[in-house]
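Here is the structure we will look at.
Every number for a ligand or one of its atoms is a count from 1 in the order of the listing. Being a predicted model, the structure only gives us computed values, none of them experimental.
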Amino acid sequence: MTNDTTYRWPHKDLLDVTQLSAEDTLHLLDVAASFQEINSRPVKKVPTLKGKTIVLFFVENSTRTKTSFDVAGKRLSADTFALAKTGSSLNKGESLKDTGLTLQAMAPDIIVIRHPSSGAARFLAELLPCSIVNGGDGWHAHPTQALLDCYSLRQAWNGIFAGRTLLILGDIAHSRVARSNMHLLHMLGVHLRLCAPRTLLPAGVEHWPVEVYSNLEAAVRDVDAVMCLRLQLERQQAGLLPDLAEYSRRYCLSRQHLALAKPEVKVLHPGPMNRGLEISNDIADAPACLVLDQVSAGVATRMAVLYLLTTRNDGDLV
Ligand code: CP
């Protein structure tokens, strides 16, 4: 918790990390830390959100985000319900608006939405009175991924963000994870480097608060952490990468690269990983790799998000 006892979470929705102040972010990470302790108990359930209803509305595939929101809600005793595109009336052509209004009529407290279109979460937030959480929209934003990455880095870095250097490596152009992490970690004082082939850098990257590299050996030198991104093979139809073997040779993070970083360097990946393409097998399984810590942090962080959104007008936690 922040030391300021007058602090109150001010947001109805969580749509993008750009809406968060440093105070909001650190408070949320503190709340997540208190929930992480619950996750280590033999009985991992508290009655905090008993009677609350959370809809997991996933129009795009997900393993980590959907499951961890479901686990998070259940650990807080909320009722969670899942709606996917397959098996729903979206497949009969029902619009996002009508689907949202239909879900709202069942009086949920929170709808978590993942959608292939940027702006889908904001559209629902402006339409519906319940809280909306963006579980990833197009290339735009993935706020809870960035928050759980911050949680993992905060633990690895003993609470100190300022002055650290993070390299984000890979398919940045198509990555909502890169965009959300860039905003959040820059706000917390982390120096950011990007490394990718030119065709996988986003338009306007020269206006981002980052150093841009095309050579991985130069980019990784003396960094505190590397965040590998999944090469989004399903979005590569425009011929951006004619030769995957060449991509892997130049941009797959290996032991040789990590030897150039700080000795205590950590490796993150939002998952799912393409082993051997953006991250080597030995790095994916090395102690320096935080991938499974990130998944664990995802449950605690999403518990904090659900808690703060549903109790923003109530008193403080425990
Ligand atoms: N990192 C992430 O969003 O993973 P999923 O697509 O499995 O949810």
Side-chain angles (χ1 to χ4, degrees), residues 14-17 28-29 32 54-75 80-86 88 110-121 132-156 166 168-185 200 225-236 253 266-275 277-279 283-284 289-306:
L14 180 59
L15 305 179
D16 192 353
V17 293
L28 190 149
L29 297 182
I54 297 161
V55 176
L56 309 172
F57 177 27
F58 276 65
V59 184
E60 210 180 51
N61 295 341
S62 168
T63 294
R64 280 146 284 268
T65 310
K66 186 176 174 187
T67 307
S68 62
F69 265 117
D70 198 6
V71 171
K74 287 184 164 78
R75 294 229 166 125
T80 64
F81 300 92
L83 180 70
K85 185 164 190 258
T86 305
S88 80
I110 297 181
I111 297 175
V112 182
I113 178 171
R114 169 169 289 190
H115 200 282
S117 300
S118 298
I132 302 296
V133 177
N134 184 0
D137 62 332
W139 301 352
H140 170 235
H142 195 348
T144 58
Q145 179 69 43
L147 286 163
L148 74 87
D149 291 338
C150 267
Y151 185 98
S152 300
L153 287 171
R154 192 189 202 195
Q155 284 194 314
L166 171 74
I168 304 180
L169 170 64
D171 186 359
I172 294 153
H174 302 101
S175 178
R176 55 196 175 209
V177 174
R179 284 172 177 77
S180 290
N181 267 297
M182 187 268 296
H183 284 295
L184 202 59
L185 290 165
L200 293 184
V226 182
M227 181 180 291
C228 298
L229 298 176
R230 182 173 73 90
L231 188 61
Q232 300 196 24
L233 298 167
E234 70 276 24
R235 305 197 215 256
Q236 299 292 342
L253 189 73
K266 301 296 181 201
V267 177
L268 297 92
H269 194 303
M273 293 186 281
N274 295 307
R275 288 171 181 251
L277 191 48
E278 69 252 359
I279 185 168
I283 295 297
C289 185
L290 302 182
V291 168
L292 297 180
D293 300 84
Q294 289 170 268
V295 175
S296 169
V299 175
T301 305
R302 287 165 176 138
M303 288 168 83
V305 169
L306 298 177

Next on the checklist: One pair to check against side chain to side chain contact (heavy atoms under 4.5 Å, CB included): Q294 and V291. What are the steps and the verdict?
Outcome noted: CA-CA 5 Å; Q294 289 170 268; V291 168; 4.0 Å; yes

Can you report which non-hydrogen protein atom sits closest to [atom], along with the distance?
atom	value
atom 6 (O) of ligand 1	R114 NH1, 2.8 Å
atom 4 (O) of ligand 1	R64 NE, 3.1 Å
atom 1 (N) of ligand 1	P270 O, 2.8 Å
atom 2 (C) of ligand 1	T65 OG1, 3.6 Å

Checklist outcome for this item: Ranking Q145, R230, H142 by closest non-hydrogen atom to atom 3 (O) of ligand 1, top hit is H142

Checklist entry - At what distance, to the nearest 0.5 angstrom, does OG of S175 lie from CE of M227? => result 8.5 Å

Item to check | Under 4.0 Å to a heavy atom of G271 - the qualifying atoms of ligand 1, by number | outcome: 1 (N), 2 (C), 4 (O)

Checklist outcome for this item: Within 4.0 Å of some non-hydrogen atom of T63, the atoms of ligand 1 are 5 (P), 7 (O), 8 (O)

Item to check | side chain to side chain contact (heavy atoms under 4.5 Å, CB included) evaluation trace for L148 with R302 | outcome: CA-CA 8 Å; L148 74 87; R302 287 165 176 138; 3.6 Å; yes

Next on the checklist: Looking only at distances, can you tell me whether any N or O atom of P272, backbone or side chain, sits closer than 3.5 Å to an N or O atom of ligand 1?
Outcome noted: no

Next on the checklist: Salt bridge or not between K66 and D70? Use side-chain N to carboxylate O under 4.0 Å.
Outcome noted: no

Checklist entry - Within 45 degrees of the axis of the six-membered ring of F58 and under 6.0 Å from its centre: does R114 put its NZ or CZ there? => result no

Item to check | Evaluation steps, side chain to side chain contact (heavy atoms under 4.5 Å, CB included), between L14 and L147 | outcome: CA-CA 11 Å; L14 180 59; L147 286 163; 3.9 Å; yes

